[in-house]
Structures are given as structure tokens and as C-alpha cells.
Amino acid sequence: MLQLSVIRQNPALVKERLAVKHFAETSIVDEIVSLDDELRKLKQETEDTQSKIKKLSEQIGALLKNKQAEEANAAKKEVEPLKNQLASSQEKLNNTEKKLNDLLIKLPNLPSEKVPRGKTPEDNEVVKEGGEKPKLHAGAAPHWELAKKYKLIDFELGNKVTGSGFPFYTGQGAKLQRALIQYFLDFNIAAGYAEYVPPFVVNQDSAFGTGQLPDKEGQMYHVTEDDLYLIPTAEVPVTNIYRNEIIKETDLPVKMTAYTPCFRREAGSYGKDVRGLNRLHQFDKVELVQLVDPAKSYDALDEMVSHVEKLVQSLGLPYRILRLCGGDMSFASALTYDFEVFSTAQEKWLEVSSVSNFESYQTNRMKIRFRNASGKSQLVHSLNGSSLALPRILASLLENNQTEQGIDIPGPVRKYFGSDVIR
RNA sequence: GGAGAGAUGCCAGAGUGGUUGAAUGGGACGGUCUCGAAAACCGUUGUACGGGCAACUGUACCGAGGGUUCGAAUCCCUCUCUCUCCGCCA
């Protein structure tokens with residue numbers, strides 16, 4: 001969530017920035033400012049009363065030690081009305097605090113200066129295009145047909161065992177999936193990211209910390225019996241590793257990578273986009289997370305974008321990088337770059353990575369801080385990005401690399417896959 | 001799942017109602033000493049929020065949430081987690 005101090009210092013600027021995200025309820029900002037004023041007054045009031053009670057209690061203690069029972073009783077009488085007063089101002093304080101918090105949670109992160117204006121995906125800015133779109137032979141097939149032809153993925157079997165959106169990867173398909181994961185992880189580790197295998201379910205606090213709750217509750221699978229959520233991305237458990245921690249400045253930047261399956265209910269999204277591997281309820285992804293000094297977070301973002309770009313390039317896929325417009329970016333993000341690869345047989349761009357700087361939006365919820373040079377604790381900035389989401393990479397790879405003889409495996413993946421081609 | 005024990009500062013570990021934000025030891029940091037280092041000695045060593053230009057100051061925090069009391073780390077209740085034993089099991 002946004003830092004209260006930012007809102008207090010410049011409510012007008014906050015409103016102006018929120019407009020870029022097409023966030024309409026700007027009156028919330030004014031409400032927050034006035035609730036904050038009220039909160040400080042109540043706090044002062046409460047603390048004054050507490051202070052008085054504390055002093056009297058100390059006196060009572062001293063009196064009793066001196067066996068001055070009568071004086072002690074008199075002092076006790078004095079405390080009584082103060083306690084009533086305390087109870088009532090404390091109740092007001094709690095109510096105000098809760099109201100303030102509820103409103104604070106409703107505000108999305110402020111978009112950075114670089115975010116293009118605009119409302120829909122068409123307004124996203126293409127900042128770069130790379131790679132070659134291949135010319136496919138006549139009769140080239142979309143990936144779901146190739147998957148069937150080479151027995152790589154069994155969608156029907158997934159339907160039978162679980163339901164739609166939960167495919168089986170079989171034989172060479174399973175092996176290719178595993179090879180890609182391992183290649184991606186090694187690529188990240190070589191760039192200084194520490195590998196984790198996190199839990200695939202998280203508790204409420206963690207889901208709240210990265211912004212999935214309360215905003216995107218319907219997006220996650222909820223294990224009600226234990227009140228746990230299946231992770232929609234490794235970002236959730238991995239970023240939460242540092243929840244409520246103060247990181248040593250010398251340990252920054254913290255760079256982490258993790259492979260996990262991701263579970264998304266995708267409620268209400270059916271139709272043409274869900275064909276084949278395009279949109280699944282369970283998919284594999286290798287994720288990057290960084291926790292950095294706030295002064296360096298945009299450099300870190302650039303570095304992550306270029307890291308992911310190198311990875312995509314190494315696979316030889318045609319790609320483009322988009323800077324998301326205010327209307328298309330996520331609630332918690334300040335600036336997001338999406339990577340899309342071209343799926344030649346479908347003639348469609350598929351999103352395979354989303355790299356974002358969340359500034360202090362997540363870390364303020366999670367209280368992830370570091371101690372700065374002057375000894376003060378300060379929120380770090382959090383960033384994350386996919387490197388990469390497997391199914392759409394697989395889809396694009398199958399389609400773009402198909403020949404009449406088989407499917408070519410990209411150079412760097414061959415040693416993991418153990419072969420140059422799928423036949 | 002059953003029985004028992006426990007949760008205190010960076011760590012270990014005292015503290016069972018009254019100057020306890022918390023003994024003691026270790027670690028870390030600063031200093032003295034040294035050519036340098038070790039040892040020894042001295043000192044410092046929490047977080048959050050509020051007030052103040054600042055020195056400073058108020059409040060809260062001893063797993064979490066409630067309660068008893070003039071006063072709670074300390075007593076009571078609920079929850080969570082950890083450990084030991086038994087059961088089950090990849």
C-alpha cells in the first residue's frame with residue numbers, strides 16, 4: 001500500500017497520478033487525509049491518558065511500599081475516571097485506524113512518470129521488437145496439433161483426471177518442459193540470483209503482502225479447511241521470505257529465483273484465448289524477485305528487463321517488449337514491461353513475462369526494510385519478473401521451430417534436453 | 001491424530017504482579033593498547049508511531065489476540081507456532 005506520509009505530503013499529486021491508472025474514487029485520498037488528522041489527535045489524547053494512569057500507578061506502588069494504604073486508595077479512586085476515558089478514546093482510535101486502513105488498501109500503487117497514458121492493451125507502448133518471425137512451411141500447424149502429433153501434451157487426459165486447463169505433459173513434452181526450467185534457472189543463477197524452492201501454498205498474511213488479497217481473492221485457489229492459498233506465482237512465497245525483516249544494507253540487492261507451478265482460477269475467462277497452452281489453470285514458471293535500495297530500483301528494473309531479453313533472445317524467438325499503459329498495468333505496480341513472443345502459426349503475440357517495479361507498495365505491506373547509511377530503517381523496493389512462463393514459450397517454440405521433419409530445439413536447451421530435435 | 005513441555009532483545013539465557021525496555025553471557029560496532037593483529041580493558045548496541053528545528057520527549061511492544069488489576073514479561077482465557085514421546089507416513 002501507499003505510504004501514508006506520501007499521501008499526507010501531497011494529496012493533489014497522488015490524485016493526479018491515480019488518474020493515470022484510471023482510478024476514479026479520488027475522494028478516498030481526501031478521506032484518508034482527514035482520517036489521518038483525526039487519528040493523530042486521538043493518539044495524543046489516548047497517550048496522555050495512558051501516561052497519567054501510568055504515573056498514578058507508580059505512585060500507588062510507592063505508597064503501598066511505605067504502608068500508606070489510605071493514600072493509595074485515594075489514588076486508586078483517581079484512576080477510575082481516567083480508565084473510562086481511556087476506554088472510550090481507545091475505541092475511537094481503533095475505529096479510525098481501521099477505517100483509515102481499509103481506505104489505504106483500496107488505493108493502487110502510483111504509476112511512475114514513464115507510464116504511458118491509455119486505457120486498453122492497444123495503448124501499451126512497444127519499446128522494442130527483436131528476433132525474426134520464421135517463414136513456416138505450407139501446412140504448418142498450431143501448437144496444440146503439434147503437441148498431439150509428437151505426443152508432447154495430452155489435454156484430454158488432463159480433462160479426465162482433473163478438468164480443463166490442467167494438461168498432462170508426456171514423453172518428450174515432459175522432458176522439454178523440465179529442460180527449459182533447468183535452463184532458465186541456470187541462466188538466472190549465473191546472473192547472481194539465489195535459487196529457492198518455496199512452498200506452493202501460502203497463508204493469508206503472505207497473500208496480503210504481495211497484494212493478492214484482498215484484491216484478487218477470486219483469482220486464487222483457496223484451501224478452506226486450512227485457510228491456505230495455492231500460489232498464483234512464485235512471487236508470493238519468495239517475496240514474503242523477507243516479510244517483517246530488516247535487511248543489512250550490504251546484503252542489498254537481494255536477488256532470488258524460483259521455479260514453481262502456478263495456480264490460477266481464471267474465473268470467467270473462456271473462449272478463444274484459452275485454446276491449447278494459451279491459458280491454463282496450472283502452469284510452470286521460473287520467477288525472479290529483487291529487493292533493492294529505493295534509489296536504485298529503476299536501474300534494477302532495466303537490468304531485469306535486459307536479463308529477460310537475453311533469455312528470450314537465446315531461445316531464438318521473435319519477441320517484443322511493451323511498456324504497459326496506466327489502464328493495463330496491475331494494481332500494485334509502478335512500472336511494468338511485458339514480454340511477448342510471436343506464435344507464428346496462431347499469428348498471435350503471447351505474453352511470456354511481466355517485469356515490474358512495485359517500489360514500496362508491497363514492502364510497505366510486508367514491512368521489508370533495510371538500515372540506511374544514517375542508521376534509519378527504510379522500506380526497500382521490490383521488483384519481480386518472469387523468466388519465463390513455460391506454456392506460452394512452449395507454444396511459441398513448437399510453432400516457430402517446426403519443420404516438415406520435426407521440431408528444432410534451441411541451441412542452449414539441447415544439452416538439457418539431450419537432443420537437437422523432436423521427431 | 002494422542003500426551004507432555006515451551007515461545008523473552010542479533011543469539012544464548014535469567015526474570016512468576018510494582019522505577020524491568022528488561023539481569024548475565026556471547027556476538028556485533030566504536031575506543032584504548034599495538035608496527036599490525038590477537039588478548040585484555042572501557043563504551044555503545046531494539047522497533048513502531050506521535051510531539052519538537054534540535055538536544056530530547058510521550059506511548060506501545062517480552063509468539064498473536066482478549067481478560068483480571070491502580071499497575072502484567074510475570075495471573076487467567078483463546079489461538080498460532082516449536083520441541084519431546086506415541087501413532088501414522090512419502
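By convention in this document, chain letters (A, B, ...) are assigned in the order of the sequence lines, proteins followed by strands, and residues within each chain are numbered from 1. Keep in mind that the numbers below use all heavy atoms, side chains included, and drop hydrogens, waters and symmetry copies.
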Grab the [atom1]-[atom2] distance between [X] and [N] for me, whole Å please.
| X | N | atom1 | atom2 | value |
| --- | --- | --- | --- | --- |
| A/Asp205 | B/G63 | CG | P | 18 Å |
| A/Glu78 | B/G71 | CD | P | 14 Å |
| A/Asn84 | B/U69 | CG | P | 12 Å |
| A/Asn73 | B/U69 | CG | C1' | 14 Å |
| A/Gln204 | B/C81 | CD | P | 14 Å |

Mind checking whether A/Lys99 and A/Glu31 have side chains closer than 4.5 Å, heavy atoms only? no
Distance from [X] atom [atom1] to [Y] atom [atom2], nearest 0.5 Å?
| X | Y | atom1 | atom2 | answer |
| --- | --- | --- | --- | --- |
| A/Cys262 | A/His281 | SG | NE2 | 14.0 Å |
| A/Gln362 | A/Leu291 | CD | CG | 9.0 Å |
| A/Asp284 | A/Phe184 | CG | CZ | 10.5 Å |
| A/Leu228 | A/Met220 | CG | CE | 11.0 Å |

Rounding to the closest angstrom, what is the interatomic distance between B/G27 and B/A38 at atom P? 12 Å
Nearest-angstrom distance, P atom, B/C81 to B/G31: 46 Å
Identify whether any heavy atom of A/Leu64 sits under 4.0 Å from a base atom; if not, whether one sits that close to sugar-phosphate; answer base, sugar-phosphate or nothing. base
What contact category does A/Leu56 fall into here, base, sugar-phosphate, or nothing, at under 4.0 angstrom with non-hydrogen atoms? nothing
With A/Tyr337 as partner, the option from A/Leu301, A/Val308, A/Asn357 fulfilling side-chain contact (heavy atoms from CB on, under 4.5 Å) is A/Leu301
Does A/Lys21 reach the main-chain N or O of A/Pro111 with its side chain, forming a donor-acceptor pair under 3.5 Å? no
With a 4.0 Å cut-off on N to O distance, would you call A/Asp30 and A/Lys15 a salt bridge? yes
Could you write nucleotides 47-59 of chain B as a row of B, S and -, 5' to 3', where a protein heavy atom under 4.0 Å of any base atom gives B, of only sugar-phosphate atoms gives S, and otherwise -? SSSSS------BB
Dot-bracket, 5' to 3', for RNA chain B please: Watson-Crick or G-U pairs under 3.5 Å, [ ] where pairs cross earlier ones, | where the partner sits on another strand, dots elsewhere. ((((((((.[[[..)..(.....]]]((((((.......))))))((((((....)))))).[[[[[..)....]]]]])))))))....
Looking at A/Tyr150, does the NZ or CZ of A/Arg423 lie under 6.0 angstrom from its six-membered ring centre and within 45 degrees of the ring axis? no
